Peer 1: 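If you scroll down you'll find the structure; I have some questions about it.
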Amino acid sequence: MEEKKVRKKRKLGSYPFVSVIFSITIALCVLGLFGWILLHSSKLGNRIRENIEIQVYLNKNLSQSELNKIRTSISSKPYTLMKDNEPQIELITKEEAALEFIAATGEDFKAFLGDNPLRDLLAVKIYGGYQALDSLSQIKSEIEAMRGVFEVSYEESLIESINQNVTKIGLVLLGIAVFAIFVVVVLINNTIKLALFSQRFLIRSMQLVGATSKFIQRPFLMRSLTYGLIGGFLACGAIWGFTEYMNSSIYGLEELQDIEGFLVLYGIILSVGMIVGYLSSLRAINKYLKMSLDELY
C-alpha cells in the first residue's frame, strides 16, 4: 500500500510563531530596559533637587507668634516644596546649630565668647520649578523683605552645579531612549518583513483568485497585533522580574520606584509592540501586493 504524502496547507496570515515572538520580545525588552533606567534616573534627579534649600536667618529675640507668622507666610508661597501636603520647612534653633557646630569641630565657642552668636533659622526646601538661580534671587529678595528676617542665603555654586548636571544627564538619557525606540522599530520591522517573505507567493495566489487587498491584509494584520501584544506582555514580565531582582540586590532602590511610572512604561511597551507590528505588516504586505511575479522570485 502506497503511503500518501500529506502536504500541510498553509493558512493565510500564518508565519513562524516562536521566532517572531522571540524577536519582538527581545526588541521590547531593550526598550523596557532603557525605560527602566530613565525612570530611576528621573526619580533620582528629583530626589537630588528636593534637597536644594535656602536658609532663612531670623532676627534675635523674636516671639513665638512672630516666628510662626514668618513660617506660615513662607509655607503659603508656591516656591515652597510640599510633600504629603506638608511644607518642607525645618526650624533649626540657635541652640541646635551650636550643638551641631561643636560636634563637627570639637570646639566650644560659647566657652570663650560667653554667648551664642548664632541665629534661629528656617531651612526651606524649594519646589523644582523655582530652582533656577534667577528665581532663587527673587525668592531671596522677597523673603528678606519680610519683617523679622535677618538674611537669606543659599549655596549658589552648588545649586548651579546640580541643575547643570541633572539637565545634562536628562538630555543624554532622553537621547538614548530615542535611539532605543529607533532600534526597536527597526528590529520589529525587519522581523515582520522576513516572516512575511515566506508568505509572498500565498499572497499572490490569493490575488489571482480574486481576493481583495483588504481581505488579504486582514489576517496578517490581526496576527501582527496578537504577536505584538504577546511579545509586549512577555517583555513586561521580564522587566518586572528584573526589577524584583535589582530591588533584592540593591538596598534603597525600591524607594526610587513608583507604580504609576511603571504602569506608563508597561503601556508604552505594549503599545509599541502592537503599533510597530501592525504598521510593519501593513507596509510589507502592500509591498508584496504591488510586486510582479518576476520580482517575487
Side-chain angles (χ1 to χ4, degrees), residues 13-46 166-200 203 216-247 249-250 253 256-290:
S14 64
Y15 43 88
F17 175 81
V18 176
S19 60
V20 173
I21 292 293
F22 178 77
S23 298
I24 292 176
T25 302
I26 293 298
L28 293 177
C29 281
V30 172
L31 176 63
L33 182 60
F34 280 111
W36 189 90
I37 295 173
L38 190 62
L39 279 177
H40 287 76
S41 300
S42 175
K43 195 73 173 180
L44 181 60
N46 290 336
V166 170
T167 300
K168 287 178 182 178
I169 293 172
L171 290 175
V172 170
L173 290 175
L174 184 61
I176 293 175
V178 172
F179 177 73
I181 292 175
F182 172 76
V183 170
V184 167
V185 170
V186 171
L187 288 175
I188 295 178
N189 179 69
N190 289 338
T191 298
I192 299 294
K193 184 178 179 180
L194 289 174
L196 290 175
F197 182 77
S198 63
Q199 297 280 297
R200 64 193 188 282
I203 292 173
I216 297 173
Q217 290 171 349
R218 189 178 298 113
F220 287 105
L221 296 179
M222 292 302 296
R223 188 154 298 219
S224 67
L225 287 173
T226 302
Y227 284 4
L229 185 63
I230 294 174
F233 275 118
L234 291 175
C236 290
I239 296 299
W240 177 83
F242 175 75
T243 302
E244 291 297 311
Y245 171 76
M246 295 301 290
N247 287 342
S249 302
I250 302 177
L253 182 64
L256 298 177
Q257 298 165 3
D258 63 277
I259 297 177
E260 290 183 1
F262 275 99
L263 289 177
V264 171
L265 177 61
Y266 293 152
I268 291 174
I269 291 174
L270 293 172
S271 299
V272 169
M274 295 176 67
I275 293 172
V276 175
Y278 180 90
L279 295 178
S280 298
S281 295
L282 183 62
R283 180 172 176 270
I285 295 167
N286 287 336
K287 176 183 176 182
Y288 293 131
L289 287 172
K290 295 175 183 178

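We use all heavy atoms of the structure for the numbers below, so side chains are in, but hydrogens, waters and symmetry mates are not. If you're wondering where the values come from, they're calculated on a predicted model, not measured in any experiment.
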Peer 1: Set out, in order, the CA-CA distance, both residues' side-chain angles and the distance that settles side chain to side chain contact (heavy atoms under 4.5 Å, CB included) for I192 and Y227, then state yes or no.
Peer 2: CA-CA 10 Å; I192 299 294; Y227 284 4; 5.6 Å; no
Peer 1: Between K43 and L256, which heavy-atom pair has the shortest distance, and what is it?
Peer 2: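 Looking at all heavy atoms of both residues, the closest pair is CG-O, 3.0 Å.
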Peer 1: So how far is it from L229 CG to S271 OG, rounded to the nearest 0.5 Å?
Peer 2: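 Going from the CG atom of L229 to the OG atom of S271 covers 10.0 Å.
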Peer 1: So which atom in L38 and which in L174 form the shortest heavy-atom distance, rounded to 0.1 Å?
Peer 2: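 L38 and L174 have their closest heavy atoms at CD1-N, 4.3 Å.
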Peer 1: Taking C-beta and beyond as the side chain, do F262 and T243 meet within less than 4.5 Å on heavy atoms?
Peer 2: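 F262 reaches T243 side chain to side chain.
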Peer 1: Please check if the side chain of T191 supplies one atom and the backbone of L187 the other of a donor-acceptor pair under 3.5 Å.
Peer 2: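 Between the backbone of L187 and the side chain of T191 there is a qualifying donor-acceptor contact (under 3.5 Å).
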Peer 1: For the side chain of S224 and the backbone of L221, is there at least one donor-acceptor N/O pair under 3.5 Å apart?
Peer 2: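 Yes.
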Peer 1: Any idea which heavy atoms bring I239 and G32 closest together, and the distance?
Peer 2: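 Where I239 meets G32 most closely, the heavy atoms are CD1-C, 3.6 Å.
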Peer 1: Taking the side chain as every heavy atom from C-beta outward, state whether L39 and L265 have any pair of such atoms under 4.5 Å apart.
Peer 2: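 Answer yes - side chains close enough.
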Peer 1: Distance from Y266 atom OH to I259 atom CD1, nearest 0.5 Å?
Peer 2: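 Taking OH in Y266 and CD1 in I259, the distance rounds to 10.5 Å.
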Peer 1: Might you confirm whether atom CZ of F233 has over 12 heavy atoms from other residues, nucleotides or ligands at distances under 6.0 Å?
Peer 2: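 Not more than 12 within 6.0 Å, no.
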Peer 1: Hey, is CD1 on I250 packed in by over 12 heavy atoms from elsewhere, all under 6.0 Å?
Peer 2: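 Count over threshold, so yes.
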Peer 1: Looking only at heavy atoms, what is the nearest atom pair of G231 and I21, with distance?
Peer 2: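 Looking at all heavy atoms of both residues, the shortest contact is N-CD1, 4.4 Å.
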Peer 1: Would you say I181 and V272 make side-chain contact, with heavy atoms under 4.5 Å?
Peer 2: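 Side-chain contact under 4.5 Å: no.
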Peer 1: Do V276 and V184 have side chains that get closer than 4.5 Å, going by heavy atoms?
Peer 2: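 They are not in side-chain contact.
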Peer 1: Passes side chain to side chain contact (heavy atoms under 4.5 Å, CB included), F179 versus F34? Steps please.
Peer 2: CA-CA 10 Å; F179 177 73; F34 280 111; 5.8 Å; no
Peer 1: Quick check for you: to the nearest 0.5 Å, what is the distance between N189 atom CG and S281 atom OG?
Peer 2: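 One gets 9.0 Å once the value is rounded to the nearest 0.5 Å.
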Peer 1: Can you name the closest pair of heavy atoms from C236 and L270 and give their distance?
Peer 2: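 Nearest heavy atoms, C236 then L270: SG-CG, 4.3 Å.
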Peer 1: Working to the nearest 0.5 Å, report the span between CZ of R218 and CD1 of I285.
Peer 2: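 Rounded to the nearest 0.5 Å, the CZ-CD1 separation comes out at 11.5 Å.
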Peer 1: Which heavy atom of G228 sits nearest a heavy atom of L28, and at what distance?
Peer 2: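 Heavy-atom minimum between the residues: O-CD1, 4.3 Å.
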Peer 1: State the OH-CE distance between Y278 and M222, to the nearest 0.5 angstrom.
Peer 2: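 Here the interatomic distance stands at 9.5 Å.
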